[in-house]
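First up is the structure itself, then whatever we jot down about it.
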Amino acid sequence: MEYHLQTPLKLEDIEKLNAGDIVYISGEILTARDEAHARILEMEEKGEKLPFSLAGAVIYHCGPLMQQTESGWKVVSAGPTTSGRMSKMTPLLLKAHEVRAIIGKGGMKGVADALKNRCVYLAYTGGCAALAAELIKEVKTVHWLDLGMPEAIWVLRVEKFGPLIVGIDAKGKDIFAEVREKAEKVFEGMKKV
């Protein structure tokens with residue numbers, strides 16, 4: 001199935017998605033990598049208020065390349081980064097905030113249970129940084145630029161951002177884990193030959 005979703009996402013928006021479905025996102029998404037995740041969790045632990053909302057949010061694992069212009073910021077490149085680096089922090093993030101979708105590449109190991117009934121993982125093809133930049137219509141604002149350009153949180157307005165494949169759905173089905181398991185069985189079978 002193919003779905004066109006508008007942010008902020010509601011739980012009902014993601015509950016209907018199944019692993020393997022195609023999704024396009026329009027609205028606002030936020031980039032976040034390792035350092036941003038760490039700061040979000042640190043602020044949560046201290047009881048500090050975030051300068052942005054994560055209610056119904058879509059987090060894009062991306063370290064964009066931006067160019068500052070007279071009128072603001074322009075996206076030069078915005079491809080997905082490897083999501084596995086954020087796997088350990090994601091369950092804590094989802095426990096504290098109503099993030100409804102995560103976009104990245106490569107899947108996330110061990111997060112299917114944390115995503116259940118709260119969030120989906122949407123896979124975006126690596127190497128498509130220029131295409132992604134075209135789908136970003138506006139840089140609304142930036143937070144935590146002190147972390148550096150790729151680690152800052154960029155609030156972006158996108159139109160029909162995708163195609164994204166539901167890699168882990170809110171029911172716990174994880175395409176990446178299934179492929180890994182099949183590959184390991186094949187590898188074990190080859191070792192016996």
Side-chain angles (χ1 to χ4, degrees), residues 3 5-11 13-14 17 23-44 49-64 66 75 78-126 128-129 132-133 135-145 147-159 161-170 174 176:
Y3 295 92
L5 302 178
Q6 180 74 40
T7 65
L9 299 180
K10 297 176 185 70
L11 195 53
D13 293 327
I14 63 161
L17 302 177
V23 175
Y24 292 87
I25 302 274
S26 293
E28 198 174 276
I29 65 174
L30 297 92
T31 68
R33 291 193 347 169
D34 313 58
E35 294 296 322
H37 279 70
R39 186 171 284 181
I40 290 168
L41 294 175
E42 187 179 293
M43 289 181 73
E44 179 66 32
K49 189 174 178 346
L50 296 174
F52 46 83
S53 173
L54 290 177
V58 175
I59 290 180
Y60 183 25
H61 291 162
C62 171
M66 299 289 196
V75 183
T81 196
T82 306
S83 296
R85 299 192 331 248
M86 277 64 78
S87 291
K88 287 183 180 176
M89 293 182 273
T90 296
L92 297 169
L93 180 80
L94 296 178
K95 199 173 183 180
H97 301 282
E98 293 180 355
V99 173
R100 294 297 177 219
I102 296 168
I103 301 170
K105 73 174 180 183
M108 299 181 80
K109 206 169 183 181
V111 299
D113 283 343
L115 267 61
K116 264 188 189 171
N117 305 313
R118 359 175 135 224
C119 187
V120 293
Y121 178 81
L122 305 172
Y124 197 35
T125 306
C128 61
L135 300 172
I136 298 168
K137 303 305 178 187
E138 176 188 6
V139 177
K140 295 187 86 172
T141 192
V142 61
H143 300 281
W144 304 339
L145 202 48
L147 296 176
M149 185 180 290
E151 294 290 342
I153 292 201
W154 296 90
V155 181
L156 310 171
R157 184 177 63 81
V158 298
E159 282 181 25
F161 192 81
L164 308 165
I165 298 168
V166 180
I168 308 172
D169 64 27
D174 183 344
F176 296 95

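Here the structure is a predicted model, which is why all the values come from computation and not from measurement.
Note that the CD1 atom of I25 and the CG atom of L156 stand 13.0 Å from one another [nearest 0.5 Å]. Expressed to the nearest 0.5 Å, how far NE2 of H37 lies from CD1 of I153 amounts to 8.0 Å. Here the straight-line distance linking atom CG of L30 with atom CG of L50 works out to 10.0 Å at 0.5 Å rounding. Remark: E28 CD to T141 OG1 distance equals 9.5 Å, nearest 0.5 Å. Distance check: T125 OG1 to I165 CD1 gives 6.0 Å after rounding to the nearest 0.5 Å. We find the CZ-CG distance between R39 and L147 to be 4.0 Å, quoted to the nearest 0.5 Å.
At least one side-chain heavy atom of L122 sits under 4.5 Å from a side-chain heavy atom of V166. Proximity of I59 to L93: side-chain heavy atoms (C-beta onward) are separated by under 4.5 Å at one or more points. Taking the side chain as every heavy atom from C-beta outward, K109 and F176 never approach each other to under 4.5 Å. No side-chain heavy atom of W154 sits less than 4.5 Å from a side-chain heavy atom of C62. Between L5 and L17 the shortest side-chain heavy-atom distance falls below 4.5 Å. For the pair L54/I40, a side-chain contact is recorded, criterion being any heavy-atom separation below 4.5 Å from C-beta on.
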* What's the verdict on side-chain contact (heavy atoms from CB on, under 4.5 Å) for L9 and V120, showing C-alpha distance, side-chain angles and the deciding distance? -> CA-CA 11 Å; L9 299 180; V120 293; 5.9 Å; no
* **Steps toward side-chain contact (heavy atoms from CB on, under 4.5 Å) verdict (I103, F161)** => CA-CA 10 Å; I103 301 170; F161 192 81; 4.1 Å; yes
* To do: Starting from the C-alpha separation in whole Å, work towards a yes-or-no answer on side-chain contact (heavy atoms from CB on, under 4.5 Å) for E159 and L135.
  => CA-CA 6 Å; E159 282 181 25; L135 300 172; over 6 Å; no
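Under the side chain to side chain donor-acceptor pair (under 3.5 Å) criterion, R33 pairs with E151, not counting sequence neighbours.
Ring-plane geometry between H143 and F52 is classed as tilted, the angle between the planes lying from 30 to 60 degrees on a 0 to 90 degree scale.
Summarising the geometry of A114 relative to L94, their closest heavy-atom pair is O-CD1, 3.7 Å, with the distance given to 0.1 Å. For the pair G104 and P80, the tightest heavy-atom approach, listed with the atom from each and the gap, is C-CB, 4.0 Å. Taking every heavy atom of both residues into account, P8 and D13 meet most closely at O-OD2, 4.3 Å.
Identified under the side-chain hydrogen bond (donor to acceptor under 3.5 Å, both in side chains) test for residues 84-104, with sequence neighbours left out: D34-R85, E44-H97, T81-R85. Counting only residues at least two apart or in different chains, side-chain hydrogen bond (donor to acceptor under 3.5 Å, both in side chains) contacts with residues 49-63 comprise H61-S83.
The number of heavy-atom neighbours closer than 6.0 Å to NZ of K137, taken from other residues, nucleotides and ligands shown, is above 12.
Of the possible donor and acceptor atoms, one in the side chain of Y121 sits under 3.5 Å from a partner among the backbone N and O of G107.
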